[in-house]
Each structure stands twice: as C-alpha cells, then as structure tokens.
Number of protein chains: 2
Amino acid sequence: MKKKQRVSIKDISTELGISITTISFIINKKAKNRISDEVIKKVEDYIKKVGYKPNTSAQTLRTGKTKTIVFMAEDISDPFFSAVAKEMEEIAYKNGYKMIYCSTENDKERASELISLFQDRQVDAFIITPPENFQQEIQELIAQKNEVVMLFDRRYTTTDHSYVILNNFNGAKTAAEKLIASGCLNVAYVGLASDFSCMSERLEGYKDAIKNHQSQPISLLLPFKDVKSKAGRTQFKNLLDQHKNIDGILFATNGLAINGLKGLKELNKKIPDELAVITFDDRDLFELHSPSISVLSQPVPALATELIKGTLQLLKGKNGPNETFQKILPGKLITRDSCNLGVYD
Amino acid sequence: MKKKQRVSIKDISTELGISITTISFIINKKAKNRISDEVIKKVEDYIKKVGYKPNTSAQTLRTGKTKTIVFMAEDISDPFFSAVAKEMEEIAYKNGYKMIYCSTENDKERASELISLFQDRQVDAFIITPPENFQQEIQELIAQKNEVVMLFDRRYTTTDHSYVILNNFNGAKTAAEKLIASGCLNVAYVGLASDFSCMSERLEGYKDAIKNHQSQPISLLLPFKDVKSKAGRTQFKNLLDQHKNIDGILFATNGLAINGLKGLKELNKKIPDELAVITFDDRDLFELHSPSISVLSQPVPALATELIKGTLQLLKGKNGPNETFQKILPGKLITRDSCNLGVYD
DNA sequence: ATGAAAGCGCTAACAT
DNA sequence: ATGTTAGCGCTTTCAT
C-alpha cells in the first residue's frame, strides 16, 4: 500500500479547471446565488470522489478558529466527569467541533498552566470545573474575550458568567428529607471543606431539611486531600464516636461516600439498621454494594446537552460578546436499600 | 482587561531588528555554530520577556507534523483505560506531545471513522485497542506509513506490529492456580466470545492451570453486547445451574465480574464459602465489596510508560520505518477475601 | 554569521 | 458568475 497523498483545493482546481475561490466558496457553503448549480455539482461530485478533506491547520492559520472545545474537569477519569465528557463529544462532533479533555486535579497551578497551554493552541471555548480559589483567574479569562468560557458543576455568585450546574440545594434537601422520612432522628452531613458553590449549597440544603427535626446540624467538612485518605476516614469515625446518636448520613460526593463506607465497614456498622446512608452522584458500585446505596444522581445527559448547547450558542455569538448562558438542573433521588428502614411509607 | 495579542516571529524581528530566519533558528535550537551567542541571548531574553509561543497551526502547516498522539481506547470512561490515559498524558506532555482520547465502543465502523477523522487532522501516532474483526484495517493503517501505530491490550499474531500488552496467559494461569490452591475443585472461566488475543490467551492460561486438577474445563464465553446485560446474567446463572459443582470462578474482565456478582447476589450465593471468585482488572469497588474481591491487576503505570516510550521511540524513527516495539508485562495477583477459604496456606 | 524568499493550504476582499 | 491575489506564521533552502 502506497502513502496516501492529501488532495488540496489547488489540486481540485487544476484537475477541474475551476478557480480556487469558486471551490472554496462551494466547500464553505457560500456558493448560493454566486456559483452556477452546474459548477457546484461538478465540484461536489469530485470532492466526494477523491475524498477531499480541508487541511485543518491551514484553516486555523487563516481564520484563527480551531473549532475545538476544551473540557477541563477536576478529574476526567472520575466516572461522573467522563460520562459527561462522552455525551458532550457526541453532540460537539455533530456540530463540527472537536473536544479535548484534561484534568485539573483540583490544582490551581496546573489549571493555569493548562489554560495557557490551550490558549497557545487557540481553542475556541473552555468548559471548566474550576479548582479552588480560582475565581480571579476565571474572571481574567472571561475578560480577555478570546474564548468562550463556560463553568460546570461550580459557579461564582459574585462574578457574571455562564454555567450549568445541578440544583444542589434542592438535591441535598431532598436527600436529607428522605433520610428523615425513613425514620432517622439524627442526620449527619459529610462534605468538603471548600469554596465551591456546590458544597455550600449542599450543606445549606441539608440544614434546611433538618432544621425542624433535630436540635442542630451535625457536619464534618473534610479537606480535599483527605477525601480518599485514611486520615479522612479517621476523622469520620471520630465524628461517629462523638455523636453516638447519628442514625443517618448524607455524603456530599461519591468519593466521600466510598471512604465513608470503608470506615463503616471497619466499625462493623450495619446499614441501614444502625445507620441509613445517601450520597451524591451515582456509580455502578453503589447498586452492587451490600446493601445497595441510595443516591442523589445528577442528570448526566441533560447536563452534557445543556453544556454543549450553551457553549455552541455563545460561540455563534449572535447576542454580542457579553451574552451568558446559565442553567440549573434538578437531580434525582434513587432510593435503594441503604435508607430503607421501612419505618414510614 | 484587553485582548491579548499574540506575538509572532515577525513582531520579534521588527522589534529587535533581526531577521526572521535567525530567530527561527534560535527558537528551534538550530543556532549552534551559526548564530553569535550575543544575538542568541538577545532573542531568548526577548522571547521570555514577551512570552512568545509559536503558532501551532503554522508549524503544522509547514512541517506536516502535529506533535499529537491519539489514544483510541475501547471505552475511555472505563477506569482501566482512563487510568492508562492519564499516565500517558503526563509523559507525552513532558516530551512536547499532546494527547487526544476517544472511544471505539468496540465498534468497527466507529473505529474506522475515528481513524479517518484523525488522519484528516494529521496526528503523528495512533495508540489503539482495536475492536473486533479489525485486523485488516490495522494492517492497512500500518502499511500507509503516515502515522506510527501502536496496539494496546490486544495484538495480532499473524501481523507484524508494535504492541504493549499484559501477559494474559500467565495472569490467568496464576489466578486459576490460586483458586485451586484455595481449595476449589471445579473452577469455571467466564470470558468474552471474541477474537481478541487477550481473551484466547486468558482462556488458555486457565485451561493450563486446571488441566491436572479437574476432569475438564468449564467455560462460558459471552458476546460483547451481553457483558453488562441481563441476558448475560441469565446465561451465567444457567451455567451455575448446569454445573452444580462449580466452586470457583475466574472472570476475564471487570465488566463480566460486576455482572456476575450481581447474578451471584440474586442467587444468594455465599462468597467465598460456596464459591470463590477472582477477576481480571482491579477497581475500587472490588476492595469495598462484601466480601472484597481478589483480582489479577494490570500494572497500569508500567503499561502506560511502555506505551508512550515505545511510541516516542518510533516517532523518532532512528531505526527506519519498519521498526517495531513489542512489550509483554506481567500482572499481579492481589488476594482478598473472595478466595480466602483458608483450606491450604 | 545572517538574511531573503518561497511556499505549506486556505479564506475573503477585491477585481472582472 | 467566476477569478486573482494577499497573507495567516512558520521552516528551510539558498544566497550573501
């Protein structure tokens, strides 16, 4: 098999005896009312025959546009983020856009480096789940107006920007209410010590749900680095030790839940008999777990669809450069055995 | 904040009164013994000061090289593949290469489309876990010699190509032997009905381990589409029904294991008392599962390192265009409760 | 030791 | 309705 040689517009031009311009117009669908149908057909047929594909680098060099969207997730190997990524890619491709993924690892420095890297490569849009303490950088990125900027999963209330997020307040409230309805008298909240809007919103939702049911909220806020660590587990166990009356736990992320379940296993706590459990973000392991774990699941397809829809809309930019796209979507409570005390209902 | 305007070589040239050529040489480290140290320093300082970054599209247009490697996994959201992807990206970036990811979903058509898509975008190398019945396409891709081609996880014994894979035979053998050593008298194998080399190698490893211990192998080979389906689970349950004496199972993939565990749960089978279990590919859920599941884990960092090392070596191409890179790495048995009968040892 | 200039493939303003 | 042409930023051959 021989090396395939790419066909260029120039090749088509010489072969068909038609000027480069005409061909370019036809390729870019700008031929209407300019070029004769006959020529259009001739060119289109030839293009199909030889399988011509425009050279992306040349297009980019000329237009300054790459038709590329970057998705900077906290961790692209996390099932939640990778599921969203997959859904988005599908839609992006259909609209002639490519997607690139990367992970910030919730690290400011790394996120800044990545942004600068992709700016060098002239991407058209950023979809970002910002790391902590990143508001300043996001603000600057938006102000430069070189790329469309869309935040995901987290937002800043003091900056005007585009975002797609879960209704965290309602989600946490629903989950906590479910624990209460299952008979829990003392529901604890295990969350992240973080400036993420989603985290404070979840905590508030929990507080709102329990405010008329128990004397005071019980919460443990772990630093990001301890989510999966033994140290985090120890803190969690201490919490249970200090509050012997805890009979329900709401975990704010699936990572916290996994580590928490490990801790409960180490303590030989029986779920749901001694302790009912609900966590944010569904994962296949939660269904398989003994007992199966109830979750407040995020609507992955809807989130992905809105993210891309919004980003593409902003890329078209019909409403000026200061347009924003903001969407808050409801989560869904999936009840499984971990909160089935059967006390009521 | 104002729009950042990119600096070009021309800008530097006008600003410093030095020719474009000279500057290009300096940037590309081709200035040795050509340009005076004084000029080199002047240019380098200025570049650092203004933060000049070459325009990737122009470079690509000119050289035909993109410094980009594509990783086409079966499913990039699968924890195993995404872990490998993450490791590779790190090393690739350090060597000046970018990585792009995508999923074939084990679909021939889709894989072909993706290859053609990335050929249009002129990537420099493909790292591929081919879908089924894809040998022909891989052969053609290699023959074209436009890109470096490296296979991962699967190889073809009748085609000469580069690959990095697990030692599947030894892995399966070790796992099956462990089940036997744990006291199992009738070990079954649940695998994929597939032409993947890894699948036949695992089956052979299993057969080799049990050949002197039980009268005959017991195996169930499911089609890819039934790995996660209820139909697959039903077939699995039927197997157990037909062979009441099965007391050990080796699952060939983590997907099969997850579905199998669901099936065992539905049947109320006690692990490891009634049935010992080992599966390929570790996942966090296996450690958390009750009981925790023993696994034959793949050496993710080593696999990723070899993949990238090999690909970069081939990209340098010092040993001619027909050079290949082939590596088979050993897996590691992680013993947990699912095969702890404590009969021996 | 340094520079001039061609050309990669494409788009679009400007002819005709 | 169709064509000519400049130029995007860069690498590299060939002068000087």
Side-chain angles (χ1 to χ4, degrees), chain A residues 3-44 46-47 50-68 96 119-122 124 146, chain B residues 3-44 46-47 50-68 96 119-122 124 146:
Chain A
K3 268 210 181 200
K4 229 199 284 179
Q5 191 53 57
R6 284 175 75 93
V7 181
S8 74
I9 288 195
K10 204 164 145 194
D11 295 333
I12 304 179
S13 169
T14 355
E15 186 64 31
L16 259 44
I18 296 172
S19 90
I20 293 185
T21 314
T22 305
I23 296 166
S24 174
F25 277 136
I26 294 172
I27 290 166
N28 294 294
K29 306 284 171 200
K30 291 179 179 163
K32 258 298 185 241
N33 309 326
R34 281 165 142 287
I35 315 291
S36 69
D37 289 356
E38 185 195 357
V39 175
I40 293 181
K41 175 143 177 41
K42 194 167 153 193
V43 172
E44 282 179 345
Y46 186 78
I47 283 176
V50 299
Y52 165 81
K53 292 283 173 56
N55 179 310
T56 323
S57 308
Q59 280 178 321
T60 298
L61 183 57
R62 185 59 235 240
T63 61
K65 295 287 164 213
T66 50
K67 291 267 182 182
T68 301
Q119 286 191 313
D120 293 342
R121 301 193 64 203
Q122 296 172 271
D124 296 346
N146 283 324
Chain B
K3 269 210 181 196
K4 229 197 285 178
Q5 191 54 57
R6 284 176 73 94
V7 181
S8 74
I9 287 195
K10 205 165 143 193
D11 296 333
I12 303 179
S13 168
T14 355
E15 187 62 33
L16 260 43
I18 296 173
S19 89
I20 291 184
T21 315
T22 305
I23 296 168
S24 174
F25 278 138
I26 295 172
I27 291 166
N28 293 295
K29 306 285 171 200
K30 291 179 180 165
K32 258 305 185 233
N33 309 327
R34 282 164 140 287
I35 314 293
S36 69
D37 289 357
E38 186 195 358
V39 176
I40 293 182
K41 175 144 178 37
K42 194 168 155 191
V43 172
E44 283 179 343
Y46 187 78
I47 283 177
V50 298
Y52 165 81
K53 293 283 174 57
N55 179 311
T56 324
S57 307
Q59 280 178 320
T60 299
L61 182 57
R62 187 58 236 243
T63 62
K65 295 289 164 210
T66 50
K67 290 267 182 182
T68 301
Q119 287 191 311
D120 293 343
R121 301 194 64 204
Q122 298 172 269
D124 297 345
N146 283 324

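A note on names: the letters A, B, ... follow the listed sequences, proteins ahead of strands, and every chain is numbered from 1. Just the heavy atoms: all of them, side chains too, but no hydrogens, waters or symmetry mates, feed the values below.
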(request) Determine, for nucleotides 9-16 of chain D in 5'-to-3' order, which nucleotides have protein heavy atoms under 4.0 Å from the base (write B), from only the sugar-phosphate (write S), or from neither (write -). (result) BBBBB---

(request) Kindly indicate whether the side chain of A:Asp124, heavy atoms from C-beta on, has any atom under 4.5 Å from the side chain of A:Thr68. (result) no

(message) Is it the case that the side chain of A:Thr56 and the backbone of B:Arg121 share a donor-acceptor pair, with hydrogens and angles ignored and the cut-off at 3.5 Å?
(response) no

(request) Check the distance between D:dT2's C1' and A:Leu16's CG and give it to me in whole angstrom. (result) 14 Å

(message) Just the rounded figure in Å: distance from C1' of D:dT2 to CD1 of A:Ile12.
(response) 16 Å

(request) Quickly work out the B:Lys42 NZ to C:dA1 P distance and round it to whole Å. (result) 17 Å

(message) With a 4.0 Å cutoff (strictly under), does any side-chain N or O of A:Thr60 reach OP1 or OP2 of D:dC8?
(response) no

(message) If we check side-chain contact (heavy atoms from CB on, under 4.5 Å) with A:Ser57, which of these qualifies: B:Thr60, B:Thr63, B:Asn55?
(response) B:Thr60

(message) Using only atom types and a distance under 3.5 Å, with no angle test, would you say the side chain of B:Arg6 pairs donor to acceptor with the backbone of A:Asp120?
(response) yes

(message) How many whole angstroms separate atom CD1 of B:Ile18 from atom P of C:dG3?
(response) 7 Å

(request) Round to a whole Å and report the spacing from CD1 of B:Ile35 to P of C:dG3. (result) 8 Å

(request) Please name the residue in the list A:Ile27, A:Asn28, A:Thr21 that meets the side-chain contact (heavy atoms from CB on, under 4.5 Å) test with A:Ser24. (result) A:Asn28

(message) For A:Glu15, is there an ion pair with A:Lys42 - N to carboxylate O distance below 4.0 angstrom?
(response) no

